[in-house]
Amino acid sequence: MTVELKEEAAGKLLEVHISGKLAKEDYLHFAPVIDRMVQEHGKINFLVEMHDFHGWTAGALWEDIKLDVKHFAHINKLAIVGESKWEKGMATFCRPFTTAKIKYFDRAQADQARTWILDPAAD
């Protein structure tokens, strides 16, 4: 499992690059980063890029749900960049857990995802 975090746009954008299978320990690593960014900036944007992603362990799924509930109203936009139909389905799955605008992009559209997430007028 690889999780890389990168803060951009003066701390209002968190890029998350994921490959492999997410474990509970991965959430323990990046949840404090999200908490800090929300505390410093209020609403933030997420750009999540998945490559060779294999889902979550049961413990990681529970941590994900807790994180979603905690930050239900703190996420402005969520761009999901992936390479499979089930990853595209994640955009629909996430909707009940956040007030964020959510959009899915295929890997070939990664530049479009970045443009969308950084444009405050884009829906």
Side-chain angles (χ1 to χ4, degrees):
M1 173 83 243
T2 303
V3 177
E4 295 175 17
L5 304 175
K6 187 162 83 172
E7 289 182 51
E8 296 209 3
K12 291 206 171 241
L13 171 64
L14 179 62
E15 280 192 37
V16 183
H17 299 268
I18 303 171
S19 64
K21 191 170 197 167
L22 277 173
K24 180 178 181 178
E25 295 75 25
D26 297 312
Y27 281 87
L28 299 178
H29 167 72
F30 66 76
V33 174
I34 295 167
D35 292 343
R36 178 185 52 75
M37 289 178 70
V38 165
Q39 188 172 23
E40 290 175 10
H41 304 286
K43 285 193 168 205
I44 60 173
N45 296 317
F46 275 93
L47 175 63
V48 179
E49 287 198 44
M50 297 175 278
H51 177 67
D52 197 27
F53 182 57
H54 299 286
W56 300 261
T57 64
L61 184 57
W62 176 241
E63 291 301 316
D64 186 58
I65 291 168
K66 289 192 315 186
L67 187 70
D68 291 344
V69 169
K70 182 177 182 179
H71 293 297
F72 182 85
H74 299 138
I75 301 167
N76 185 45
K77 285 182 172 178
L78 169 61
I80 300 172
V81 179
E83 50 200 7
S84 70
K85 287 183 181 183
W86 78 268
E87 290 169 349
K88 184 175 185 177
M90 286 177 58
T92 303
F93 175 78
C94 290
R95 288 192 202 291
F97 298 102
T98 183
T99 57
K101 296 171 190 153
I102 303 170
K103 214 167 178 185
Y104 174 83
F105 299 85
D106 289 320
R107 282 199 70 65
Q109 300 171 308
D111 289 340
Q112 289 172 296
R114 175 173 289 285
T115 299
W116 178 77
I117 202 86
L118 292 173
D119 182 353
D123 271 339

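Throughout, numbering of the chain's residues begins at 1 and tracks the sequence.
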Looking only at non-hydrogen atoms, find the nearest pair between [X] and [Y] and report the distance.
X: Ala73; Y: Lys43; answer: O-CE, 3.1 Å
X: Ala113; Y: Phe105; answer: CB-CD1, 3.4 Å
X: Glu83; Y: Phe53; answer: OE2-N, 4.4 Å
X: Ile80; Y: Met50; answer: CG2-CE, 3.1 Å
X: Asp26; Y: Lys21; answer: OD2-O, 4.0 Å

Ile34: which of Ile75, Leu67, Val16 passes side-chain contact (heavy atoms from CB on, under 4.5 Å):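 Of all the options given, the one that passes is Leu67.
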pair Ile44-His71: side-chain heavy atoms closer than 4.5 Å: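 Side-chain contact under 4.5 Å: no.
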hydrophobic_cluster_shared for Tyr27 and Leu5, side chain cutoff 4.5 Å: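 Linked within one cluster.
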Same apolar cluster (I L V M F W Y, side chains within < 4.5 Å links), Leu78/Val33: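 Yes, it is one cluster - the side chains of Leu78 and Val33 are joined through contacts under 4.5 Å.
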Passing candidate, side chain to side chain donor-acceptor pair (under 3.5 Å) with Glu7, options Arg36, His41, Lys12: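 The option that passes is Arg36.
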As an exercise, state the distance from [atom1] of [X] to [atom2] of [Y], rounded to the nearest 0.5 Å.
X: Thr57; Y: Glu25; atom1: OG1; atom2: CD; value: 7.0 Å
X: Lys77; Y: Leu118; atom1: NZ; atom2: CG; value: 8.0 Å
X: Gln109; Y: Tyr104; atom1: CD; atom2: OH; value: 8.0 Å

Lys103 side chain to Trp116 backbone, donor-acceptor under 3.5 Å: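 The answer is no, because no donor-acceptor pair under 3.5 Å joins these two groups.
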Backbone of Asn45 reached by a side-chain donor or acceptor of Asn76 within 3.5 Å: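 No, the answer is negative, given that no donor and acceptor are paired below the 3.5 Å cut-off.
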Pair His17-Thr2, side-chain contact (heavy atoms from CB on, under 4.5 Å): steps then yes or no: CA-CA 8 Å; His17 299 268; Thr2 303; over 6 Å; no
Neighbour count above 12 (heavy atom, 6.0 Å) for Lys24 NZ: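 Atom NZ in Lys24 is not packed in, count stays at 12 or less.
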Over 12 foreign heavy atoms within 6.0 Å of CG, Asp111: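 Open.
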Salt bridge (charged side-chain N to carboxylate O under 4.0 Å, His left out) involving Glu4 - partner list, sequence neighbours excluded: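 Per chain and number, Glu4 pairs via salt bridge (charged side-chain N to carboxylate O under 4.0 Å, His left out) with no residue.
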